[in-house]
J.: 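Below is one structure. I have some questions about it.
Just so you know, ligand 1 is whichever comes first in the structure, and atom 1 is the first atom listed for that ligand. In this text, all values refer to a predicted model and were calculated from it rather than measured experimentally.
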Amino acid sequence: MKLAFIGTGYVGLVTAAVMADLGNEAWGLDIDQKRIAGLVKGQMPFFEPGLADLVRKGLKKGRLHFTLSYPEAISPAEIVFICVGTPAQANGETDLKAVLNAARSLAPHLKKGAIVVIKSTIPPPAHLIVEEQIKALAKTKFSLASCPEFLREGQAVKDTFHPERVIIGAGDKAAIAKLLKLHQPLGGQRLVCSPPSAQLIKYAANVFLAMKISFANLIAEVAEKYQAEINEVLAGVGADPRIGSLFLRPGLGYGGSCLPKDLDAFDHLTDPKATGGLLKAIKAINERQLKRCLGKAESLLGSISGQTVAILGLAFKPGTDDCRQAPAIKLIKQFLKSGAKVRAYDPQVGSKLKKQLAEVIYCNGSDQAFEGADLLVLVTEWEEFKDLNWSRVKKLMRKPNIIDGRNLWSSLELIKKGFRYEGFGN
Ligand code: UGA
């Protein structure tokens, strides 16, 4: 099929590359000239495992194309996907500017009978506004669908090839049949529903995930108080299939461009009387984990001022170089404010935060970060941090203090090796 993807971020670029790999002809469109200039040469705008190879393969086979031109991408397309960002406004409400700009720009070039699919996360009933704006400028008949995206950064290619579910929010029978056909080579469940249901599925899923993490963090704090072991507690809780063990990892909490934003947007959609404070509590518990980390630092160091803190991991999670809403940024700001010196290492982020956090010393490897440190804080659980040479770490550090912000390491083992260890809930 001939497809167009408006927006070449994580969703648009990955989906376009996967769809091209499955034999479709896919056009990626963006208003960012630098990004498109790089993509036509096979240069990635961000790090995502497996994506560069897939894009280069698509370019080489002539099935994947990139353009700045709406007529070039949209006129031949049977299906047009809107994959632009929907950031939060200051009050938490979803900013639909980019989606509506895309809708107005694509409308005049639509081919007869084309399907416009909203993949961007938008709150119901925003699809009606999108539809209205396209209708006002379109020269032909089209249909609108809402197919939210569930891919995770760091695993986006894998998630797109092997989705758990494909949600098709559409009313038009021909459009539903075509979208089912397009997704046919992919695995997972199919769920056909109305566009508002599709949009709500996306919010409910992300809010539920955020809730699970905050719940695990709440239990971790209680476990600390009563000398329970959080891993034991959550293993017991997660063993109930009604609850499940995934997304119950306590620590420094969730970040990224999705969970925090979607929680705020959902809070904005709901009546405070209906939520009973649930959504605000999820957010407050998440923010509390940074304060808890600073409290742990104070209890290990006495005063933070003048001490050197080694931060392992800057990305909001492993497998990505994305630092949007990354716990590391907020934490580093607090350490700097308290008078600490910060040395940081992340295998993908490198020194990309230099402009934002100029005072930090960006290291080329974890060993360099440990040099002269009074405290080591693990923020992102990259694979390469799992098995460190602890005797070397101890030699490099000035004081053997560790805060394990993701419960990655064994407290018993580290205490045996002479470290003072603080995790979350143990
Ligand atoms: C999230 C959802 O998981 C995807 O399904 C969704 O498509 C995406 O948002 C989106 O809306 O586009 P993502 O933001 O890539 O994906 O990251 P997650 O894997 O969900 O992780 C979010 C944060 O939660 C990370 O900071 C991670 O470290 C943290 N986390 C995760 C925990 O603190 N504990 C856990 O048990 C799991």
Side-chain angles (χ1 to χ4, degrees), residues 7 9-15 46-49 83-88 94 119-123 147-160 162-167 188 198-199 201-220 230-231 234-235 237-238 243-266 282-283 285-290 292-293 313-331 346 378-382 404-408 423-425:
Y10 287 92
V11 174
L13 182 54
V14 174
T15 318
F46 46 81
F47 169 72
E48 184 61 42
C83 309
V84 295
T86 47
T94 306
K119 257 197 177 296
S120 305
T121 303
I122 60 162
C147 297
E149 183 51 61
F150 300 97
L151 61 80
R152 293 161 294 176
E153 286 180 32
Q155 303 179 60
V157 172
K158 185 177 135 246
D159 283 351
T160 308
H162 308 285
E164 301 282 352
R165 77 283 217 197
V166 174
I167 306 288
Q199 289 146 19
I201 287 170
K202 170 74 187 203
Y203 281 103
N206 273 0
V207 170
F208 195 83
L209 292 173
M211 182 175 74
K212 273 191 106 174
I213 298 167
S214 279
F215 188 81
N217 276 322
L218 169 66
I219 302 299
I230 191 64
N231 292 334
L234 291 176
V237 174
I243 299 171
S245 58
L246 299 178
F247 260 71
L248 274 183
R249 279 180 288 115
L252 283 163
Y254 59 80
S257 66
C258 305
L259 264 47
K261 162 182 81 86
D262 291 349
L263 183 76
D264 282 349
F266 191 63
I282 295 170
K283 189 174 175 176
I285 294 172
N286 197 51
E287 285 166 1
R288 183 172 168 79
Q289 304 321 306
L290 296 174
R292 289 203 336 111
C293 181
L314 295 167
F316 86 92
K317 66 172 188 178
T320 179
D321 60 354
D322 193 346
C323 291
R324 285 175 289 177
Q325 300 281 330
I329 296 180
K330 293 179 200 158
L331 196 63
D346 184 288
L378 175 95
V379 183
T380 318
E381 68 280 29
W382 284 95
D404 182 352
R406 298 290 173 189
N407 287 357
L408 181 69
F424 282 73

J.: Determine whether any heavy atom of Gly251 lies closer than 4.0 Å to an atom of ligand 1.
T.: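 Contact check Gly251 vs ligand 1: negative.
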
J.: Would you indicate whether the side-chain heavy atoms of Pro327 and Leu290 approach each other to under 4.5 Å?
T.: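 Result yes, sub-4.5 Å side-chain heavy-atom pair found.
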
J.: Is Arg249 in polar range of ligand 1, meaning some N or O pair under 3.5 Å apart?
T.: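 Yes: some nitrogen or oxygen of Arg249 is under 3.5 Å from one in ligand 1.
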
J.: Going by distance only, is there an N or O of Cys258 that falls short of 3.5 Å from an N or O of ligand 1?
T.: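 It does not: no N or O of Cys258 is found under 3.5 Å from an N or O of ligand 1.
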
J.: Say whether Gly256, considering both its backbone and side-chain N or O atoms, lies within less than 3.5 Å of an N or O atom on ligand 1.
T.: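 No - when backbone and side-chain N and O of Gly256 are compared with those of ligand 1, no distance drops under 3.5 Å.
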
J.: What protein heavy atom lies closest to atom 6 (C) of ligand 1? Include the residue and the distance to one decimal.
T.: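 For this ligand atom, the closest protein heavy atom is Leu151 O, 3.4 Å.
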
J.: Would Ser257 count as being in polar contact with ligand 1, using the rule that some N or O on each side must be under 3.5 angstrom apart?
T.: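 There is no such contact.
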
J.: With a cutoff of 4.0 Å, is Lys202 in contact with ligand 1, counting heavy atoms of the residue only?
T.: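 The answer is yes, since Lys202 has a heavy atom less than 4.0 Å from ligand 1.
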
J.: Tyr203 versus Pro123: any side-chain heavy-atom pair under 4.5 Å?
T.: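 A side-chain contact exists here, since the closest heavy-atom pair is under 4.5 Å.
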
J.: Taking the side chain as C-beta and beyond, is there a heavy-atom pair between Asn217 and Arg288 under 4.5 Å?
T.: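 In short, these two side chains do not touch, never coming nearer than 4.5 Å.
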
J.: Looking at atom 2 (C) of ligand 1, what's its closest protein heavy atom, distance included?
T.: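 Of the protein heavy atoms, Asn206 OD1, 3.5 Å lies nearest.
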
J.: Can you check which of Phe316, Phe424, Phe247 brings a heavy atom nearest to atom 31 (C) of ligand 1?
T.: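 Among Phe316, Phe424, Phe247, the closest heavy atom to atom 31 (C) of ligand 1 belongs to Phe247.
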
J.: Any chance you could measure Phe215, atom CZ, to Leu234, atom CG, to the nearest 0.5 Å?
T.: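 Answer rounded to 0.5 Å: 8.5 Å.
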
J.: Are the side chains of Ile201 and Phe150 in touch, meaning some heavy atoms are under 4.5 Å apart?
T.: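 They are in side-chain contact.
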
J.: If the cut-off is 4.0 Å to any non-hydrogen atom of Leu248, which atoms of ligand 1 fall inside it?
T.: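 Matching atoms, with element in brackets: 36 (O).
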
J.: Any idea which atoms of ligand 1 are less than 4.0 Å away from a heavy-atom of Leu259?
T.: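 Those of ligand 1 that fall under 4.0 Å from Leu259 are 1 (C), 9 (O), 22 (C).
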
J.: Any chance NZ of Lys283 has more than 12 other-residue heavy atoms, nucleotides or ligands included, within less than 6.0 Å?
T.: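 Open.
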
J.: Would you compute the distance between atom CG of Asp262 and atom OG of Ser257 and round it to the nearest 0.5 angstrom?
T.: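 Rounded to the nearest 0.5 Å, the CG-OG separation comes to 8.5 Å.
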
J.: Could you tell me which atoms of ligand 1, counted from 1 in the order shown, lie closer than 4.0 angstrom to a heavy atom of Tyr254?
T.: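 It comes down to these atoms of ligand 1: 23 (C), 24 (O), 26 (O), 29 (C).
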
J.: Distance from Glu48 atom CD to Arg152 atom CZ, nearest 0.5 Å?
T.: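 Answer rounded to 0.5 Å: 10.5 Å.
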
J.: Please confirm whether Gly255 comes within less than 3.5 Å of ligand 1 when only nitrogen or oxygen atoms on both sides are compared.
T.: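 In this structure, Gly255 places an N or O atom under 3.5 Å from an N or O of ligand 1.
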
J.: Among all protein heavy atoms in this structure, tell me which lies nearest to atom 5 (O) of ligand 1, with the distance rounded to 0.1 Å.
T.: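 Of the protein heavy atoms, Phe150 O, 2.9 Å lies nearest.
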
J.: Compare all side-chain heavy atoms of Phe316 with those of Leu259 and state whether any distance is below 4.5 angstrom.
T.: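 A side-chain contact is absent here, since even the closest heavy-atom pair is not under 4.5 Å.
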
J.: To the nearest 0.5 Å, what is the distance between CD (Glu153) and CZ (Phe46)?
T.: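 Between atom CD of Glu153 and atom CZ of Phe46 there are 8.0 Å.
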
J.: What atoms of ligand 1 come closer than 4.0 angstrom to any heavy atom of Glu149?
T.: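 Going through ligand 1 atom by atom, the ones under 4.0 Å from Glu149 are 7 (O).
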
J.: Does Thr121 have a heavy atom less than 4.0 Å from any atom of ligand 1?
T.: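 Per 4.0 Å heavy-atom rule, Thr121 does not contact ligand 1.
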
J.: Pull out every atom of ligand 1 sitting under 4.0 Å from any heavy atom of Arg406, numbered as shown with elements.
T.: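 Atoms satisfying the 4.0 Å criterion: 28 (O), 33 (O).
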
J.: If you round to the nearest 0.5 Å, how far is CG of Asn286 from CG of Leu263?
T.: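 Leu263 CG to Asn286 CG: 8.5 Å, rounded to 0.5 Å.
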
J.: Which residue and non-hydrogen atom of the protein lie closest to atom 18 (P) of ligand 1, and at what distance in Å?
T.: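 Scanning the protein heavy atoms, the shortest distance from atom 18 (P) of ligand 1 goes to Lys317 NZ, 3.6 Å.
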
J.: Considering non-hydrogen atoms of the protein only, which is the closest contact for atom 30 (N) of ligand 1, and what is the distance?
T.: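 Minimum-distance protein heavy atom for atom 30 (N) of ligand 1 reads Ile213 CD1, 3.4 Å.
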
J.: Against heavy atoms of Glu153, which atoms of ligand 1 measure under 4.0 Å?
T.: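 Near Glu153, meaning under 4.0 Å from one of its heavy atoms, ligand 1 has 15 (O).
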
J.: Would a distance-only check, ignoring hydrogens and angles, find a side-chain to backbone donor-acceptor pair under 3.5 Å from Arg406 to Pro250?
T.: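 Checked: no pair found.
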
